Amino acid sequence: MKIDNKYYLALALIPMLTGCADYFDTNNYAVEKPEDMVQYEYLNAYKPLKEYIDRASHPGFLLGTGVSAPEYLKGENVYLLTNSNFDQVTAGNAMKYASVVSDDGTMNFGTVHDFVSAATEAGMQVYGHTLCWHEQQNVKWLNSLIADKEIAFDPNERLEVEDAVADFSKGAQWGWGQFGNSTGPVINSDGCFELTQDTPTANFWELQYQIVPEVALVAGQEYILKVMVKGTSEGVIQGKVGDWGGGPGIRLSFNEDWEEKTFKFTPTVDGNNFVLFQHGDFVGTVQIRYVKVVHEEAPSVAIPVPVWEPDFASIENKDDAIMGWGNNSTRKVVDNVLELTNPSKVNPWEAQAGKDFDTPMEVGTKYYIKLKVKGSKEGSISAGFQNPNGYIGCGDFNRISFTTDWQEVTVAATCNGDNAVRFLFSYGDFDGTVYIESMCLYYEELGNKIPLTPEEKAEALTVEMERWVKGMMEATEGKVKAWDVVNEPISGGPWGQRYDLQHAATSEDPSNKFYWQDYLGDDYVRVPVKFARQYFEENGGNPSDLKLFINDYNLESDWDDNQKLRSLISWIEQWESDGVTKIDGIGTQMHINYYLNPQTQKSKEDHIVKMFELMAATGKLVRITELDMGLCDESGNAVKTDDVTFEQHKLMAEHYKWIIRKYFEIIPQAQQYGICQWAQTDSQEGSGWRAGEPIGLWNLNYNRKPAYGGFADGLQGN
């Protein structure tokens, strides 16, 4: 039958006293007896819970509970209930990072100090919860510690930025041209563009050519054209920067000596421009080593943003590693190196390799390809973007030149066409093998900040972890001798193997959590363990008294056959493999349910037993850290407190008794650290924790429930 749980037992409030004489006196209850409450009267005969522990049989066992520190500090119901029934107390939130550390990093341990002092003066032990966790962190402050660092610049300083470089010694090519009375240009043995004319043309513009075929410019911004040039005699190069519709004219004089000539101009065409030279009225030879278009801007930091950075070691199909075709060429990975092999020299585009992207490159953006490369012989290949609809070129990189030795090469190209979703290497004109050990296609974002390296982030957070743990140990003065040094480190997968650590990448709410393990890596647990031991001793603690636990939930889960616990044990073995780190114990949260479906309940019980057996086998201390129990109906749905019958309360009580007895039966005496009942009372509707569920040993009026009796019976062993 359904009963009304809202009966009233008036608790005579005891004034707050000092010392361990404070006692929650059950004889001071006055009882109104509605007819359906008579069945609960047997609970009045029970003593406080901690009096049922056989201290001779379980000498190190501590019975704990979780409380709100502010409620405990009031010295009222929670304070009295806690001190009379338990040996040890855990603050639910007060000792967590976010409760102490403000947005500017200031730490306030006032509540921590008051709570620890009040509990120890009342004869209670305090269990610390928690030193390192991804929840309840001050994310704003922690992110500020690993934020991009500001770069200081002289506000009057100006930097030269290259927009286009045609270096003919490195394989640059000119564009369209008509070459008057010359025999046409060549790249001479010195790596220079060279053009010779024996007789002048009728008009100087009858010899003209695009010396820089394309460069993305911003109309109205000032640029500088730089040309390293000489001639067999003095002369003048005329021309313009723009497109066929217009652009500013240029005029450069030269003589018999190599000299870098400069010309400032402001383009009138936004976007793609070309640099056009005209000198049909010059008789003799003109040589050009390079042409550059540059502009000046205030200093900033270029931050690479990768677009494609293949890991050749992880490519599954190593015999056809990337997209490609033509001339019986191949594209395979050998010993983690990409090999592009072309058997015979043909046109460049007749042997190609590359990748198609889901999102096109951005028109007007400058991209870079950085490679560690060598060849079976000296040579060069081409690279560029393409719109595959019509095979339209959308920007070519400078030639990628290489030797037979490994070297890093970086070339650039500006995307100049729509739907540029394809990147291609064109290597048909190189008959041999190109070896690429690593490569990255990227663009740059400019700013006055630079990201910290992973090593710098780890160092900054190690310093912060030390500051935090040191502060906590100073505030607790060696009085808190046991801690959840790390809370909830293990994820729920991958299935079938050791579970990973939890990470931001797999979090449902990464912006409001902070995963220390993403930055500290394998030292994630070692760091807080090291500082906890160091500063506990420095602040008056006896090192042999300190016990550090790893605490996690779902260690009793049946759906994965306790795989999360097995994974945690494996991780602990890894952390301790350095011969320095020591984890004293494992904490299992056990936020469980009693299931009215017998088959489900049997499976849950079997895996609780298996959990205790696995934990016992580690030889480490075992603590049930956050025990509470709800109720699920035959279909597995949570039953609210108001809907629980007396008979169902009794089933939950029996389950509490069974769990505690199995703990004492399976866990060896030397490993029995204790059990912490997390929820003293049932949860209120609207609570952030198991709202409206019957999870307490007392109801919301501080009346004992059958669960109290079951818990006491389990402790007593009756």
Side-chain angles (χ1 to χ4, degrees), residues 93-109 112 128-151 301 303 447 449-476 483-491 500-539 546 548-552 568 571-572 574-578 580-583:
N93 291 312
M95 299 175 77
K96 293 173 182 173
Y97 187 90
S99 298
V100 173
V101 183
S102 63
D103 288 351
D104 64 358
T106 303
M107 295 191 292
N108 183 348
F109 290 98
V112 172
H129 179 70
T130 175
L131 291 179
C132 185
W133 193 23
H134 59 271
E135 298 265 13
Q136 292 182 249
Q137 306 297 286
N138 190 309
V139 177
K140 181 178 180 179
W141 167 245
L142 290 172
N143 281 333
S144 75
L145 298 177
I146 56 174
D148 299 349
K149 56 186 175 184
E150 296 277 351
I151 305 298
V301 176
I303 302 171
K449 296 181 179 180
I450 187 169
L452 299 184
T453 65
E455 294 76 16
E456 289 172 327
K457 291 180 179 180
E459 180 181 0
L461 292 173
T462 299
V463 170
E464 176 63 8
M465 180 61 73
E466 180 175 11
R467 186 179 78 99
W468 156 245
V469 174
K470 179 182 179 182
M472 181 60 78
M473 293 301 169
E474 288 174 348
T476 54
W483 293 85
D484 288 331
V485 65
V486 172
N487 195 43
E488 300 177 0
I490 307 300
S491 72
D500 293 334
L501 300 179
Q502 296 208 54
H503 291 286
T506 56
S507 172
E508 296 179 356
D509 188 21
S511 63
N512 292 316
K513 300 176 183 179
F514 191 88
Y515 293 83
W516 294 80
Q517 54 268 49
D518 284 348
Y519 306 99
L520 299 181
D522 194 43
D523 287 336
Y524 156 56
V525 168
R526 296 185 181 121
V527 168
V529 167
K530 170 187 172 182
F531 293 137
R533 297 198 184 280
Q534 175 184 341
Y535 290 110
F536 177 76
E537 182 176 5
E538 288 186 13
N539 287 278
L546 181 63
L548 300 179
F549 288 75
I550 305 289
N551 180 45
D552 218 325
L568 176 58
W571 275 105
I572 291 174
Q574 178 174 322
W575 290 319
E576 291 185 326
S577 66
D578 62 2
V580 177
T581 303
K582 180 186 176 185
I583 308 300

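A quick note: this is a predicted structure, and the numbers were derived from the prediction, not measured. Residues take their numbers from the sequence shown, with the count starting at 1.
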>> For L142, is there any backbone N or O sitting under 3.5 Å from a side-chain donor or acceptor partner on E464?
In response: no

> Is any side-chain heavy atom of S102 closer than 4.5 Å to a side-chain heavy atom of N108?
Replying inline: no

>> Please list all pairs meeting salt bridge (charged side-chain N to carboxylate O under 4.0 Å, His left out) that have one or both residues in residues 503-517, counting only residues at least two apart or in different chains.
In response: E135-K513

> How would you list, by chain and number, every residue that makes a side chain to side chain donor-acceptor pair (under 3.5 Å) with D500, sequence neighbours excluded?
Replying inline: none

> What residues form a salt bridge (Lys or Arg N to Asp or Glu O under 4.0 Å) with D552, not counting sequence neighbours?
Replying inline: K564

>> Using every non-hydrogen atom in the two residues, find where V100 and A94 come nearest and quote the distance to one decimal.
In response: CG2-O, 3.8 Å

>> Any side-chain to backbone donor/acceptor pair from Q517 onto Q502? Under 3.5 Å, distance only.
In response: yes

>> Give me the atom names and distance for the closest heavy-atom approach of V485 to L131.
In response: O-CB, 3.5 Å

> Can you tell me how far the CG atom of N138 sits from the CG atom of D103, to the nearest 0.5 Å?
Replying inline: 5.0 Å

> With sequence neighbours excluded, what pairs up with Y519 under the ring pair (Phe, Tyr, Trp, His ring centres under 6.0 Å) test?
Replying inline: F514

> So, does T462 use its side chain to make a donor-acceptor pair with the main chain of A458 at under 3.5 Å?
Replying inline: yes

>> Which residues pass the salt bridge (Lys or Arg N to Asp or Glu O under 4.0 Å) test with D518, not counting sequence neighbours?
In response: none

>> Using 0.5 Å steps for rounding, measure from the SG atom of C132 to the CE atom of M465.
In response: 3.5 Å

> To the nearest 0.5 Å, how far apart are NZ in K96 and CH2 in W133?
Replying inline: 4.0 Å

>> Please find the pair of heavy atoms, one from M473 and one from Y535, that lie closest to each other, and give the distance.
In response: CB-O, 3.6 Å

>> Can you list everything that forms a side chain to side chain donor-acceptor pair (under 3.5 Å) with T581? Sequence neighbours excluded, please.
In response: D578

> Minimum heavy-atom separation for A475 to V112, with atom names?
Replying inline: CB-CG1, 4.4 Å

> Do I583 and V529 come close enough that some side-chain heavy atom pair is under 4.5 Å?
Replying inline: yes

> Is there a side-chain contact (heavy atoms from CB on, under 4.5 Å) between T476 and N539 once you walk through the steps?
Replying inline: CA-CA 8 Å; T476 54; N539 287 278; over 6 Å; no

> Looking at CZ of R526 and CG of D523, how far apart are the two atoms once the value is rounded to the nearest 0.5 Å?
Replying inline: 5.5 Å

>> Do L548 and R533 make a side-chain contact, defined as non-hydrogen atoms from C-beta onward lying under 4.5 Å apart?
In response: yes

>> To the closest 0.5 Å, what do you measure between NZ (K470) and CZ (F531)?
In response: 10.5 Å

>> According to side chain to side chain donor-acceptor pair (under 3.5 Å), who are the partners of S507, at least two apart in sequence or on a separate chain?
In response: Y515

>> With rounding to the nearest 0.5 angstrom, report the NE2 to CG distance, H134 to L501.
In response: 11.0 Å

> With sequence neighbours excluded, what pairs up with E576 under the salt bridge (Lys or Arg N to Asp or Glu O under 4.0 Å) test?
Replying inline: K620

> Listed by chain and number, what are the ring pair (Phe, Tyr, Trp, His ring centres under 6.0 Å) partners of W575, not counting sequence neighbours?
Replying inline: W571

>> Among F109, F536, Y97, exactly one meets side chain to side chain contact (heavy atoms under 4.5 Å, CB included) together with M472. Which residue is that?
In response: F109

> Does the side chain of N551 come within less than 4.5 Å of H129's, by heavy atoms?
Replying inline: yes

> Residues two or more places apart in sequence or in another chain: which of them pass side chain to side chain contact (heavy atoms under 4.5 Å, CB included) with S144?
Replying inline: W141

> Side-chain contact, heavy-atom cut-off 4.5 Å: W483 with V469?
Replying inline: no

> Which residue pairs pass the salt bridge (charged side-chain N to carboxylate O under 4.0 Å, His left out) test when at least one of the two sits in residues 449-461, sequence neighbours left out?
Replying inline: K149-E456, E150-K449

> Under the ring pair (Phe, Tyr, Trp, His ring centres under 6.0 Å) test, which residues partner Y524, sequence neighbours left out?
Replying inline: none

